[in-house]
Each structure stands twice: as structure tokens, then as C-alpha cells.
Amino acid sequence: MSRPRIVVVGAGFGGVHTLRHLERRIPTGAADIALVAPHDYMLYSPLLPQVASGLLTPQSVAMSVHRLTRDTRLIPGHAVGVDTADRTVVVRRPTGELAPVPYDRLVLAPGGLTRGFDIPGLTEHAYGAKTLAEAVLLRDHVLAQLELANDSRDPVEREERCRFIVVGGGYTGVETAASLMRLTEEAARRYPELRSVIRWHLVDIAPKVLPELGDRLGRRALDMLRSMGIEVKLKVSVREVTADKVVLTDGRALPCRTLIWTAGVAPSPLMETLGKPTQRGRLEVDSDLRVPGLPEVFAVGDAAAVPNLSHPESPYCPPTAQYASRQAATAAENVCSSILGRPMREFRHRDMGLVVDLSGKDALARVLQFELTGLPALAVTRGYHVAAVPSAPARARIMANWAIRAATGGEVSRLGFADDGRPASFVANEDVHYLDTESAGREGARLRENLRERYGED
Ligand SMILES: Cc1cc2nc3c(=O)[nH]c(=O)nc-3n(C[C@H](O)[C@H](O)[C@H](O)COP(=O)(O)OP(=O)(O)OC[C@H]3O[C@@H](n4cnc5c(N)ncnc54)[C@H](O)[C@@H]3O)c2cc1C
């Protein structure tokens, strides 16, 4: 292979870290490295709740791929299918056209989408908290509810607008509820009449929140949320959502215009299109991160079911940034080894723990076997994020935002993104039309033939 074509799908933790490790290992120009991604930035999603609360600006968590990589070609669009026989990825560009991208090695890292369930009204009325646009819209929507409630004399409308329900007791739900609750607390200083009306609820079908923290710290998290004034309801889910009401599975009907859905992530539908075995939508890979039967295709991150060799008690690695980034290093090494005919390395990683920022001065951290709360946990949490952000300018922006907030307090004005009243629903995530591997083969062959006719090569 004179100049191998390496294609990476997805500009998240798995994809961008794979590219950075590849670039470190491969001399400049020795391979054609391409990234297929809908946006030209890597989102540092663990800090999204701080964007939703206005503590961080959206730019500080969106790191330019052009800065993070030096020898990578960006192909804008969604990978919608893979012709594994002809080694071609079919990409839907932002213009809607399809384009073929041939590869010698492929790394799939498209992450996941917010998973909706078959709950009446959920997709029409719920808000997601997984993308940058959703975080920005959510903040505007929450502030708009307070403004409108303050301007209304109708006690029913006030109650609906001042009740906020977050579904999901994992780190996304807990951090989103805590940080937005602080935002409404801060905004309510302007609306004294609303202070006694504002209500935050966190519901989860599971019997505990943050199970990843372990029993003792999980119970501490529950106590902290409750002492902040968040009503936590466990073993309960949502039965129905309307524009002004949420019905829970315990029969309670709560007047409410803001349901934030964080209960679960579904792997990208791209993984099912390959026609290979999946685990609840995650593409199964061997311990060297290759897809069984497809030695030139690798998969990492939330969309891959990677054997968890260091923790045999749980068969697959958890879908976290910590694992996606480490898998990326192994994937890059194995891509190079497979080109050079060297032996593959198995992926092994010991879980380092979890950090949870409850906003204000409250945080929880489990670092290896150590459990921390309060200021020490906050220091570890912030330190961890600063170290994990892969770009120096982004790191500087994040720390500057924290410092400005500490010195001057928060800004609670609305930016106008939610003015049309449309929920920032996560259904938009599913607009992409995916192709199974046979259809991808037909489309790929047709598109490559068109390119050969026009340019003499593809
Ligand atoms: C609010 C929140 C808080 C979190 N907090 C933590 C935390 O504290 N610690 C932790 O370890 N993890 C945390 N996570 C989880 C962590 O963000 C994910 O595990 C991690 O992002 C997974 O990395 P990934 O590369 O698989 O996917 P992602 O980082 O989601 O990246 C996927 C990329 O692929 C792109 N893409 C999607 N479909 C396609 C397609 N068809 N073609 C091309 N590109 C595509 C997406 O646009 C995106 O750029 C959090 C997640 C959220 C949402």
C-alpha cells in the first residue's frame, strides 16, 4: 500500500483522539487521513450542562478540528452507509448529495443519539441535552418560562411554566438538573413572586441515581440533590407528555411545560447498517477493536461494544469519554500495525472513576477507590476537565469563563434562540437516512463511476 487511505467517522472523543494518535505515528503526508463529520468541531460534552446554565460560552466547549489536527482532510457530512465489499463509505453532504469515500482502513466513532421511547408526546414536547444547539436552546427556553410566568396573572400558567422535570438519573440528568436549577435560582432574584413557585424534579425508573458512583456516594448524591431543593423521584418514569402537562407512571399529572429527556443514549444507527452483530445497537468488535470478519474496519466509543478485559464483571466497556479516548489510542496503534503487518494490541483500561459537578460549590468524585465530596471533589472535577480538554485555547477559555463568573456573578439574559417556541427536540438527530451495506454498495459503485467519468479517478 503506497499511501494508505485512512478514514475516521465522527469528530468526538473517539474520532478526534484516533486522528491525533495517527498523526503522531505517521510521518506527515505518508497516509491520506480523512475525517467524515457533520461539524468541524469536537464537542467536549461533559461540560455541556455548564453551557446550558450559561457558566460557559458555547465556543469554549466546541474545539476546532482544524486546530486539533494537522494532516487531516475534513469531509463534511454524515456517513450514511458502508460498502464493506468495495471498501467505500457513503457520505451525505450538508447539501443532501451523496459522495463516495474509499478507504483502506476505516475507524467508526459516530457516538450515540438521545434515545426516545415510545411515550406519547415525548418526541414532540421533550427537550434533549446532548448537543450544543440543545444546550443553548434549553437555557433560553428555561429563562423564557420565568419571564412569561412573571408576566402572567394566571396561577395555572405560572405553575406550568415554573415546573421543570428532568428525566434520567445518570451524570447528564443530574448535572443538567443541578446547573439549570442554579440558573433559575439566580434568575428568580429578579422575580421575587416566582421564588415559591419554581419547582425542579428529577425522575428515574432506576432505584438510585448515579449508580456508577457506588452505593455510598450515590446516596450522598441523592441527599445533596434533595438539599438543593430538587425533588427526586425514583422507580418512576413518564407515561405521557403534552404541551402543558407530564403524566408520571405513578399516576401523578404535573402541570409542566419543560420536560428534559436524558434517559439513555442509543448508538448511531450507522452501526446497524454494516449487517454485523451488535449489542443493543453497539457494533461488536474484538479486543483489538476490529470488527470480526472485517479486518480493515475498527470501531471505538459509545457506538462500539468493546470487550472490557480489565473488568470482566461487566462484559463491555461503559459508554464514557474516558473509555472512548483510551480506545482511540489503541485503534490508532492497531491501524498502523495492520498496515505494517505487525501484531495487534488488545484494548485494556482500568476505570479511573467518575466526577460529577452539581454546580455552585457542590461536586462528587470517585477517583479509583477514593470518594470525595464538596470543595475537594470540585477541585478534582474541574482539574480533570481542564486536563482532559485537548486544546490549549479551549482550556484557557474555560478557565477564563469560570474566573469571570466567580468574580462577577452570572449573566441571566436570554439570547433569543427559543423565540419561535419550538422545542429543541432530539428527534432532529434522527433525520439522517441510513443505507444498509448492500444499498451503500450500489450507491457507492454508481457514485464512484460518475467520478471516474468526470475526473478519470475517484
Ligand atoms: C451532558 C453529558 C455529560 C457527560 N459527562 C461525562 C463525564 O463526565 N465523563 C465521561 O467520561 N463521559 C461523559 N459523557 C459521555 C461522553 O461524552 C461520551 O461517552 C463520549 O462523547 C463518547 O465519545 P464518542 O467519540 O463515542 O462519541 P461523541 O463524542 O458523541 O462523538 C461522535 C461524533 O460523531 C459525529 N457523528 C454522528 N453520526 C455521524 C455520522 N453518521 N457520520 C459522521 N459523523 C457522525 C457526531 O457529530 C460527533 O461529532 C457525557 C455526555 C453528555 C452528553
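Both ligands and their constituent atoms are indexed starting at 1 by order of listing. In this chain, residues are counted from 1 in sequence order. Everything numeric in this text was worked out from a predicted model, so none of it was measured.
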Go through ligand 1 atom by atom and flag the ones less than 4.0 Å from a non-hydrogen atom of [X].
X: Pro319; result: 19 (O)
X: Ala109; result: 32 (C), 33 (C), 34 (O)
X: Ala324; result: 23 (O)
X: Tyr434; result: 41 (N)
X: Val9; result: 42 (N), 43 (C)
X: Ala11; result: 33 (C), 34 (O), 49 (O)

Any donor-acceptor pair under 3.5 Å linking the side chain of [X] with the backbone of [Y]?
X: Ser179; Y: Pro49; answer: yes
X: Arg182; Y: Ser359; answer: yes
X: Ser268; Y: Leu270; answer: yes

Taking N or O atoms only and a 3.5 Å limit, does His39 qualify as a polar contact for ligand 1? no

Q. Would you say Gln322 and ligand 1 have an N/O pair spaced under 3.5 Å apart?
A. yes

Considering only protein heavy atoms, which is closest to [atom], and at what distance to one decimal place?
atom: atom 22 (C) of ligand 1; result: Asp302 OD1, 3.2 Å
atom: atom 50 (C) of ligand 1; result: Tyr171 CE1, 3.3 Å
atom: atom 12 (N) of ligand 1; result: Ala321 N, 3.1 Å
atom: atom 17 (O) of ligand 1; result: Ser45 OG, 2.7 Å
atom: atom 28 (P) of ligand 1; result: Gly12 CA, 3.9 Å
atom: atom 9 (N) of ligand 1; result: Pro46 CG, 4.3 Å
atom: atom 25 (O) of ligand 1; result: Gly14 N, 2.7 Å
atom: atom 34 (O) of ligand 1; result: Gly10 CA, 3.2 Å

Report task. Compute the centroid of each ring, for Phe13 and then for Tyr44, and state whether the two points are separated by less than 6.0 Å. Result -> yes

Is the distance between the ring centroids of His141 and Tyr127 under 6.0 Å?
yes

dist Tyr434:OH -> Leu274:CG (nearest 0.5 Å) comes out at 12.0 Å

Can you confirm whether the side chains of [X] and [Y] place a donor and an acceptor under 3.5 Å from each other?
X: Thr95; Y: Glu97; value: yes
X: Ser337; Y: Asn334; value: no
X: Thr184; Y: Trp200; value: yes
X: Arg20; Y: Thr69; value: no

Sorted by chain and number, sequence neighbours left out, side-chain contact (heavy atoms from CB on, under 4.5 Å) with Ser391 holds for Met63, Leu68, Pro393, Ala394

Note: Phe13, heavy atoms under 4.0 Å from ligand 1, region reported as both

Restricting to heavy atoms, the pick from Gly301, Gly170, Ala79, Gly81 nearest atom 41 (N) of ligand 1 would be Ala79

Min over Gly128, Gly111, Pro110, Ala304 of heavy-atom distance to atom 46 (C) of ligand 1 lands on Pro110

Exercise for the section: Just say parallel, tilted or perpendicular for the rings of His39 and Tyr41, cut-offs at 30° and 60°. Expected result: parallel

